[in-house]
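Quick caveat: nothing in here was measured; it's all calculated off a predicted structure. Just so we're on the same page: letters track the sequence lines, and every chain starts at 1.
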2 protein chains.
Amino acid sequence: MVGKGSGSAGDVWLRPPARAAREAPPLSRDRIVEEAVALLDEEGADRLTMRRLAERLGTGSTTLYWHLKTKDDVLDLALDAIFAAVEIPGDNGGHWRAAVTALISGWRAVLLEHPWSAALLGRPMLGPNVLARSEFLYATLVKAGVVEPHLTAAAYGLSNYVIGSALMQATWTARGRQAAAQTAREQFQAKSDRYPVLAAHGPLVADGDWDTSFTIGLDWLLDGIQAGTATGEE
Amino acid sequence: MVGKGSGSAGDVWLRPPARAAREAPPLSRDRIVEEAVALLDEEGADRLTMRRLAERLGTGSTTLYWHLKTKDDVLDLALDAIFAAVEIPGDNGGHWRAAVTALISGWRAVLLEHPWSAALLGRPMLGPNVLARSEFLYATLVKAGVVEPHLTAAAYGLSNYVIGSALMQATWTARGRQAAAQTAREQFQAKSDRYPVLAAHGPLVADGDWDTSFTIGLDWLLDGIQAGTATGEE
DNA sequence: CCGGTGACTGGAACGTTGGTCCGGAGAACT
DNA sequence: AGTTCTCCGGACCAACGTTCCAGTCACCGG
């Protein structure tokens with residue numbers, strides 16, 4: 001038995017390699033967040049553990065607390081990080097409607113690419129990426145001639161709609177949930193006496209109908225916004 | 001020292017009172033869920049613990065597992081339970097728009113009365129209360145003459161909109177968050193060079209403007225739905 | 001070349017959580 | 001009286017987020 005008394009300054013072979021000799025770049029907030037996003041993408045929200053995250057980074061779990069205060073920090077940072085992928089449209093020749101559609105669609109795409117994000121939407125989103133895109137949305141609407149109280153209603157309405165849509169879709173298409181959705185659909189058929197309309201026009205759309213429904217609803221909102229502008233033109 | 005050897009059949013005084021002689025009604029799923037809702041209302045989602053819940057019910061924590069399989073069950077049941085308070089409108093003389101507005105507004109009111117519910121919206125809602133109200137929504141839209149693909153788009157659009165709205169509002173008005181919202185607003189002013197439009201037309205509405213914005217957006221959606229019906233009349 | 005300082009790291013440990021095991025008490029039905 | 005079913009809870013477990021503190025490294029002024 002190797003004596004425990006040999007202490008931490010024991011054999012060279014047992015000590016970790018010198019810092020400079022390590023392969024991975026040094027730890028940093030960005031690297032932690034990047035790995036957290038990867039971990040969330042691969043394994044889902046409930047598998048994100050400080051220990052697991054640290055293990056993937058090749059460090060001890062407690063080390064993370066030098067760079068971050070709590071696990072919530074990781075989640076907040078990861079949530080904002082993914083929105084960097086939402087392209088901010090350029091000036092489409094003043095076609096505000098196209099610009100807004102592009103932004104909202106991109107927003108939705110990101111949320112669906114990272115389904116774990118849906119469960120995190122209940123926390124304040126004040127990261128730089130989110131704010132920059134909110135800024136663009138507001139600016140585009142203002143330039144289109146939308147004024148209060150329609151301005152706030154439009155910005156919030158669009159955000160709320162995309163958030164709700166992504167949340168709902170992520171809920172029903174999450175890994176391992178398809179089976180549940182199938183079961184649910186069968187339940188409707190079985191209890192068709194109690195839920196006749198649901199059984200007939202089954203919700204829980206099966207395939208890519210999500211996209212169609214989303215686009216239709218988005219256009220309704222945009223129509224309403226457009227009708228409220230001074231000119232009403234595109 | 002009272003001998004540990006006296007065993008569980010020791011002094012009467014140490015034994016719990018006979019089951020029939022107890023004050024509280026016997027445990028049941030319904031009673032557990034009811035208490036869970038109360039606990040969530042009073043202390044929020046993160047304070048809901050199986051142990052705390054059991055304590056409030058005057059039982060041991062492990063007992064709960066006789067009536068429920070997991071903690072998720074409690075959450076699912078609690079979430080569905082609160083929707084019993086959403087009144088299903090009667091037949092408003094065929095005014096489908098008034099009926100839908102009433103249902104969606106009631107839905108929103110319940111979500112805001114129980115702010116913890118917003119964080120739970122990411123789970124499948126298949127409880128009887130939710131299904132009954134979905135059934136009513138679908139039926140009302142069908143009767144109004146809405147047909148596919150507008151039917152699914154309308155039902156989902158309305159649901160997603162109300163869910164997103166409640167989630168967002170609950171996020172920013174949660175207990176102890178007002179201070180954060182105030183700080184955020186000041187941040188916009190401070191960084192007004194980076195977020196000029198946000199600083200000017202500050203989002204994060206302060207007061208009851210939530211209601212106004214919600215109603216405007218809801219009307220936009222309803223206008224769009226109405227325009228798609230065969231008759232277009234109310 | 002040295003000694004110290006501040007940036008980082010991680011093993012051990014704490015308190016709490018969701019959940020299981022199992023031994024039992026009470027009532028109900030033979 | 002005995003058996004069975006329903007219900008209860010103490011002891012226990014693995015895992016979690018987080019803190020403590022003893023370190024190790026890179027660098028910097030003498």
Side-chain angles (χ1 to χ4, degrees), chain A residues 2 4-12 14-32 35-36 39-40 43-78, chain B residues 2 4-32 35-36 39-40 43-78 123:
Chain A
V2 176
K4 158 207 271 184
S6 70
S8 51
D11 275 335
V12 212
L14 301 180
R15 264 181 283 142
R19 206 173 300 195
R22 256 183 309 180
E23 54 320 317
L27 217 46
S28 73
R29 236 161 109 120
D30 286 348
R31 231 166 71 72
I32 295 177
E35 195 65 40
L39 172 53
L40 287 165
E43 311 196 32
D46 41 339
R47 304 281 310 231
L48 175 65
T49 295
M50 296 304 268
R51 286 176 232 264
R52 291 177 72 81
L53 180 55
E55 193 185 354
R56 285 180 66 126
L57 288 162
T59 75
S61 64
T62 64
T63 300
L64 301 179
Y65 287 93
W66 179 261
H67 302 272
L68 303 153
K69 231 172 138 248
T70 65
K71 180 184 180 182
D72 273 354
D73 285 7
V74 180
L75 295 175
D76 284 331
L77 290 169
Chain B
V2 176
K4 160 208 270 186
S6 69
S8 51
D11 275 334
V12 210
W13 316 112
L14 300 180
R15 265 181 283 143
R19 206 174 299 194
R22 256 183 311 181
E23 54 318 318
L27 217 47
S28 73
R29 238 161 109 120
D30 286 348
R31 232 166 71 73
I32 294 176
E35 196 66 40
L39 172 52
L40 286 165
E43 311 195 33
D46 41 339
R47 304 281 310 231
L48 176 65
T49 295
M50 295 304 268
R51 286 177 232 266
R52 291 177 73 80
L53 181 55
E55 194 183 355
R56 283 179 65 127
L57 288 162
T59 74
S61 65
T62 63
T63 300
L64 301 179
Y65 287 95
W66 176 260
H67 302 272
L68 303 152
K69 227 167 144 270
T70 67
K71 180 183 181 182
D72 274 354
D73 284 7
V74 180
L75 295 175
D76 284 331
L77 290 169
R123 56 185 63 226

Participant: Select base, sugar-phosphate, or nothing to describe what Thr62(A) touches, counting heavy atoms under 4.0 Å on all strands.
Facilitator: base

Participant: Send over the distance from Leu48(B) CG to dG19(C) P, rounded to a whole Å.
Facilitator: 11 Å

Participant: Would you mind reading off the distance between Met50(A) atom CE and dA12(C) atom P, rounded to a whole angstrom?
Facilitator: 20 Å

Participant: Check the phosphate of dC7(D) against Thr63(B), side-chain N and O only, distance under 4.0 Å to OP1 or OP2. Yes or no?
Facilitator: no

Participant: Measuring from atom CG of Leu40(A) to atom CD of Glu35(A), what distance do you get when rounded to the nearest 0.5 angstrom?
Facilitator: 10.5 Å

Participant: Which nucleotide in the list dG19(C), dT18(D), dG17(D) gets nearest to the side chain of Thr70(B)?
Facilitator: dG19(C)

Participant: What is the separation between atom CD1 on Ile32(B) and atom P on dG9(D), rounded to the nearest whole Å?
Facilitator: 11 Å

Participant: Can you establish whether the number of heavy atoms outside Arg29(A) located under 6.0 Å from its atom CZ is more than 12?
Facilitator: no

Participant: What is the distance from NE2 of His67(A) to C1' of dT18(D), rounded to the nearest Å?
Facilitator: 16 Å

Participant: Could you state the interatomic distance from OG1 (Thr49(B)) to CD (Glu55(B)), rounded to the nearest 0.5 Å?
Facilitator: 10.0 Å

Participant: Could you tell me the separation between the CG atom of Leu57(B) and the C1' atom of dC7(D), rounded to a whole number of Å?
Facilitator: 15 Å

Participant: Please report, rounded to the nearest Å, how far the C1' atom of dG19(C) is from the NZ atom of Lys69(B).
Facilitator: 11 Å

Participant: Kindly point out which of dT9(C), dG19(C), dT18(D) is positioned nearest to the side chain of Trp66(A)?
Facilitator: dT9(C)

Participant: Using OP1 and OP2 only, check whether a side-chain N or O of Thr59(A) sits under 4.0 Å from dT9(C).
Facilitator: no

Participant: Please report, rounded to the nearest Å, how far the C1' atom of dG17(D) is from the CG atom of Leu68(A).
Facilitator: 13 Å

Participant: How close or far is atom C1' of dT16(C) from atom NZ of Lys71(A), stated in whole angstroms?
Facilitator: 14 Å

Participant: Any side-chain heavy atom of Thr63(A) sitting closer than 4.5 Å to one from Leu57(A)?
Facilitator: no

